[in-house]
Amino acid sequence: MPHQENAHSSIPGPSRRQFLILSGAVAAASSIGTAIPAAAAPGGGIGNLPGYPFTLGVASGDPLADSVILWTRLAPEPLAVGSGMPPKKVPVQWQVAHDEAFTRVVREGEVFALPEHNHSVRVDVRGLAPDRWYFYRFRCGPELSPVGRTRTLPAAGAQVNSFTISHASCQTWQTGYFTAYRYMAQDDIDLVLHLGDYIYEGAITAATPRGGTFVSDEVRAATNTVDQYRLRYSLYKLDPDLQAAHAAFPWAITRDDHEVTNDYAGGIDHGQKQLARRAAGYQAWWENTPTRCAPPVGADQRIYRRFTIGSLAQLDLLDSRQYRIGDNDPLVSKLGDEQEAWLIDGINSTGATWHVFAQGQQLGGVNQNSPTRNRIYRAYNDRRVYPVIFSGDLHWTLVQDALLAVPDPTSAIVGTEFIVTSITSTGDGPGDQATKDNWLKRPWIRYVDGYRGFIRTTFTPTGATATQRNVQFVTRPDAPAWDAQKFYIEAGRPGVQLV
């Protein structure tokens with residue numbers, strides 16, 4: 001039986017340096033692994049696996065005040081169809097503890113990794129204390145996973161002095177190295193938002209991608225079937241820097257288009273072949289993300305959801321692709337009528353200081369009118385709520401005042417949008433200067449940056465400070481990183497300042 005947790009015995013979370021030192025070696029963890037029983041449960045069985053099963057690392061996500069999702073996937077041969085696993089369910093034990101040595105275990109249990117889910121494991125760990133850090137790990141037979149670090153959110157209405165969110169998007173494996181995640185993993189972050197294009201679905205055509213890495217024809221092929229999407233996720237999740245960032249913090253993940261196919265929309269006009277491809281992409285996405293979303297039903301899956309961070313922030317995570325019909329239809333929502341109504345009806349539903357909504361692609365073009373965006377921004381403005389908007393997709397960092405009526409520069413400022421650059425997509429910075437200059441002609445666009453990286457934002461009751469974190473290059477490993485620009489938003493006042 002698990003030990004009962006005492007909510008009054010909470011201890012501060014470990015520093016990033018401590019965590020990286022203590023969890024850096026899987027071999028070290030195995031020396032304390034006897035606390036998890038290795039016996040197989042009835043009806044299951046390990047058999048003789050062809051290799052170490054936790055090659056894809058561990059992850060956590062979608063935290064609540066008393067719960068978090070833990071994830072791993074058994075893959076001793078990750079770049080083979082079936083991942084080298086037997087076609088039967090396999091028992092996996094899990095533990096959550098206050099300390100990285102697992103001497104203070106608070107929850108533990110066993111689940112089955114199922115072949116129909118590509119032997120992925122998803123555990124909803126409940127009964128945790130709010131607003132604190134935990135460590136977790138898995139065991140399959142005699143093998144112990146790397147140690148992950150996660151946290152719960154502050155309880156609804158609780159006072160929160162500070163909470164840090166990083167957001168990222170767009171990582172093409174063949175274009176370059178995920179070095180930005182190495183720096184993210186070393187940072188002090190409470191939650192990572194990934195805003196889509198976690199994988200790219202097209203054929204890998206480079207003869208020697210990533211400095212000559214061998215990639216089989218089976219893995220190179222464009223993704224159409226669920227097995228092909230699974231292989232693509234395996235290729236990406238083998239990246240050590242991506243694994244490190246997943247192991248360091250909980251993530252909340254949404255999709256953009258490349259998890260299925262470039263620029264796909266709602267599926268109505270694409271026929272059964274495209275819907276079958278969407279179903280395959282959604283299934284593989286669900287199997288490879290630490291999400292509490294229900295599994296897809298065919299080509300449909302609701303993934304928009306809401307998080308409450310004490311009294312400090314409300315975070316709405318949107319799906320900007322699945323329901324899309326047209327970008328500029330005055331009658332049909334780009335988000336779908338149901339999702340748009342959910343977003344608008346939820347404005348100020350928690351009474352939080354900050355209202356954040358995050359999405360794969362911005363609601364409308366940088367210099368184009370968008371009826372969907374107009375309705376949503378007007379709803380926030382009518383309620384005197386000034387959102388902070390996190391977006392991806394563009395492959396540029398673009399920070400702008402959110403105008404009530406783009407492209408009218410005299411219209412009211414209703415919030416601030418941070419469009420984040422890519423992790424690797426489009427390759428090394430700094431980007432085309434003419435493109436940058438053209439964007440900056442718009443007075444509501446405050447900053448443009450063409451390097452790769454991510455944005456880190458710290459929210460406090462009085463203000464939010466964001467930092468653009470760049471890496472020098474991605475086409476070679478071990479790029480240096482630097483803080484390119486800081487931004488500040490005063491609570492209760494729309495508009496962003498460069499600092």
*Asks:* Can a side-chain donor-acceptor contact be found between Y304 and E338 if the only test is distance below 3.5 angstrom?
*Replies:* yes
*Asks:* Ignoring hydrogens, what is the shortest heavy-atom contact between F102 and A97? Give both atom names and the distance.
*Replies:* CD2-CB, 3.5 Å
*Asks:* Is the NZ or CZ atom of R182 positioned over Y177's six-membered ring, under 6.0 angstrom from the centre and within 45° of the axis?
*Replies:* no
*Asks:* For D483 and T467, which I'm curious about, is there any donor-acceptor pair between the side chains at under 3.5 Å?
*Replies:* no
*Asks:* Should the pair W251 and H194 be assigned to parallel (<30°), tilted (30 to 60°) or perpendicular (>60°) ring geometry?
*Replies:* parallel
*Asks:* Let me know which of T435, I419, V420, V366 forms a side chain to side chain contact (heavy atoms under 4.5 Å, CB included) with W396.
*Replies:* T435
*Asks:* With a 4.5 Å limit on heavy-atom distance, are the side chains of Y136 and R107 in contact?
*Replies:* no
*Asks:* Decide yes or no for S320 and D256: does some side-chain heavy atom of the first lie under 4.5 Å from some side-chain heavy atom of the second?
*Replies:* yes
*Asks:* For L56 and T72, what are the C-alpha separation, side-chain angles and deciding distance, and is it a side chain to side chain contact (heavy atoms under 4.5 Å, CB included)?
*Replies:* CA-CA 7 Å; L56 304 181; T72 192; 6.0 Å; no
*Asks:* Tell me whether the rings of F390 and F459 are parallel (<30°), tilted (30 to 60°) or perpendicular (>60°).
*Replies:* tilted
*Asks:* So is R306 actually on top of W342's ring, under 6.0 Å and inside 45° of the axis?
*Replies:* yes
*Asks:* Is it the case that the side chains of T458 and T164 hold a donor-acceptor pair, with the cut-off being a distance below 3.5 Å and no angle test?
*Replies:* yes
*Asks:* Looking only at the side chains, is there a donor atom on one of T289 and Y198 sitting less than 3.5 Å from an acceptor on the other?
*Replies:* no
*Asks:* Between S166 and R469, is there a side-chain donor-acceptor contact under 3.5 Å, judged purely by atom types and distance?
*Replies:* no
*Asks:* Looking only at side chains, do T291 and D62 share a donor and an acceptor under 3.5 Å apart?
*Replies:* yes
*Asks:* What are the two closest heavy atoms between P146 and F54, and how far apart are they?
*Replies:* CD-CB, 4.1 Å
*Asks:* Walk me through whether E287 and Y233 qualify under side chain to side chain contact (heavy atoms under 4.5 Å, CB included).
*Replies:* CA-CA 9 Å; E287 292 170 352; Y233 276 99; over 6 Å; no
*Asks:* Determine whether the side chains of S411 and D408 contain a donor N or O and an acceptor N or O closer than 3.5 Å.
*Replies:* no
*Asks:* So which of R446, R493, R442 actually passes salt bridge (charged side-chain N to carboxylate O under 4.0 Å, His left out) with D401?
*Replies:* R446
*Asks:* Assess the side chains of Q359 and S391: does a donor N or O sit below 3.5 Å from an acceptor N or O?
*Replies:* yes
*Asks:* Centres of the Y134 and H98 rings: under 6.0 Å?
*Replies:* yes
*Asks:* Within the 3.5 Å criterion, strictly below it, is a donor on E417 or Q400 matched to an acceptor on the partner's side chain?
*Replies:* yes
*Asks:* How close do T150 and P250 get, counting heavy atoms only, and between which atoms?
*Replies:* OG1-CB, 3.6 Å
*Asks:* Which of these passes side chain to side chain contact (heavy atoms under 4.5 Å, CB included) with L317: T254, V356, I303?
*Replies:* T254
*Asks:* Measure across G364 and S370 and return the closest heavy-atom pair with its distance rounded to 0.1 Å.
*Replies:* CA-CB, 3.8 Å
*Asks:* Check R456, R151, R149 against D190 for a salt bridge (charged side-chain N to carboxylate O under 4.0 Å, His left out) and give me the one that passes.
*Replies:* R151
*Asks:* Pairing donors with acceptors under 3.5 angstrom, does anything connect the side chains of T421 and D449?
*Replies:* no
*Asks:* Should the pair R210 and F178 be classed as cation-pi, given the thresholds of under 6.0 Å to the six-membered ring centre and 45° from the axis?
*Replies:* yes
*Asks:* Looking at R452 and D428, does any basic side-chain N land under 4.0 Å from a carboxylate oxygen?
*Replies:* no
*Asks:* At their closest point, which heavy atom of I347 faces which heavy atom of R383, and how far apart are they?
*Replies:* CG2-CD, 3.4 Å
